Visitor: 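Take this structure, written in structure tokens, and hold onto it; I'll ask about it next.
The model shown is predicted, which means the values in this text are computed figures rather than measured ones. We count ligands from 1, going down the list as the structure has it; atoms in each ligand are counted the same way.
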Amino acid sequence: MRSSLVPVSSPAGPRAVPRPTAPTGSAAASPESAGPLDVLGVPDLVNLDYAATAPCARVAADAVAELLPWYGSVHRGAGALSQRSTLAYERARQTVGDFLGTRADDEVIFTRNTTDALNLLARAVPAGTTVVTFGGEHHANLLPWPNTVRLPVPDSPAAAIRALSEALRELRRDTDRAAPILVTVTGASNVTGERWPVTELAAVAHRYGARIAVDAAQLAPHAPVDISESEIDYVAVSGHKLYAPFGTGVLAGRADWLDAAPPYLFGGGATLGVGTATNDVRWADGPGRHEAGTPNLLGAVALAAVCTALSEADRTELHTREQELLARLRTGLNALPGIVELRTFHADAPRVGIVSFVVAGRDSAEVAADLARGHGIGLRDGLFCAHPLARRLLAEAAARSGRSDLPPTALRASIGLGSTAAHVDRLLDALADLR
Ligand code: PMP
């Protein structure tokens, strides 16, 4: 098996012949065949685990390789390397902000990942904020919040809108209009891929004087996210799910709460001045307030490169292609005896390229291991860091299918830019063999 920085596929479709290995020390393949949205990988392995961590986009690897000779301190040096690195970091912030549709007065803060971004926001909400969320969230959007009202998992997007509206009406009956409320929801579920009606939920939140944060960890890699157009107040994403695996995430949104909050981390870079007395500190405003310490320049630049490539791509075409692959996957899975899909909403509800399922009578961890060892297919098994939702959907799947032999954990296949029909078919064939 070759292990090298070669693109395994491009969105244009599968490649008949494996591409040559990239020159040592460079992620670049031959320029004439390079597609901006190629992803790197190992040709013989089928990666169906994009929802956990997407492969690296060629543009991300190239942007890092190009910057590396110039790598220097950000915001901390007068030398040419430092100047260039600082410029690259701030340009990356602008690019990522544009990609997410930020408003002129929003902040774009680089974090480690979505978990870090949501924890930052949880620390920044004004004292006494009530946070309203749904029980189907990823743990990263379920656990960080103080003072949370957790609404039951709805059975349709329309039910989610109704439930939020009722909950906020109740809350406003008991609190004055100025009391801060933050609604926080996922853009797309990491368990089912189902999309949540974030624009409509934002409108409901604002009607009741609440703000809304969207966990776009799974949505942003698959669909444009424009927070000014959707009137979303905060958005969180992870670089490693957006084809930029260099350890960066983002929290973007309204500056006022962020500037009024205590710094997320205390240290260099977050201050305007420090005196000798222990409490004599003037904290910076703006993104620097929450980015103390030397920032992750390469992560920011890699993420910005992907944002640029996606912004320049035909997202409608990418969407169509992904939906075709997803339909092939779901149709194939549903045709296999004993396979039951997990879902929260109706089977036809819009979703991104993620599908979770169980094989009746088979332990999911064992199936995942068989697929990996016997077929070179990588997917995820477990409860996907969304234990309440996954357990509930497993119980519903048992009731819907009438089977009493479903395992207690599930399997999840997820696709993205490098996925092909051949990958999907290999999984379906392997599952058919398993039976
Ligand atoms: N939210 C969702 C919907 C996710 O799928 C994930 C990752 N599985 C996270 C948040 C957390 O992302 P990260 O691990 O990058 O912090």
Visitor: Only counting residues at least two apart or in another chain, list the ones meeting side-chain hydrogen bond (donor to acceptor under 3.5 Å, both in side chains) with Thr186.
Guide: none
Visitor: Do Asp116 and Tyr264 have a side chain donor and acceptor closer than 3.5 Å?
Guide: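 Per modelled atom types, Asp116 and Tyr264 side chains form a pair under 3.5 Å.
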Visitor: For Ser73, check side-chain hydrogen bond (donor to acceptor under 3.5 Å, both in side chains) against everything at least two apart and list the hits.
Guide: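 Partners of Ser73 by the side-chain hydrogen bond (donor to acceptor under 3.5 Å, both in side chains) criterion, ordered by chain and then number, come out as Ser82.
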Visitor: Near ligand 1, which protein residues have a heavy atom under 4.0 Å away?
Guide: Asn113, Thr114, Thr115, His138, Ala140, Thr186, Asn190, Asp215, Ala217, Gln218, Ser238, His240, Lys241
Visitor: Evaluate Arg211 against Asp256 for salt bridge (Lys or Arg N to Asp or Glu O under 4.0 Å), listing each step before the verdict.
Guide: CA-CA 12 Å; Arg211 291 188 179 188; Asp256 53 352; 2.6 Å; yes
Visitor: So which pairs with a foot in residues 348-395 pass ring-ring contact (aromatic ring centres under 6.0 Å, His included), sequence neighbours left out?
Guide: His139-His387
Visitor: Is the shortest side-chain N to carboxylate O distance from Asp405 to Arg403 below 4.0 Å?
Guide: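 Looking at Asp405 and Arg403, the cut-off is met.
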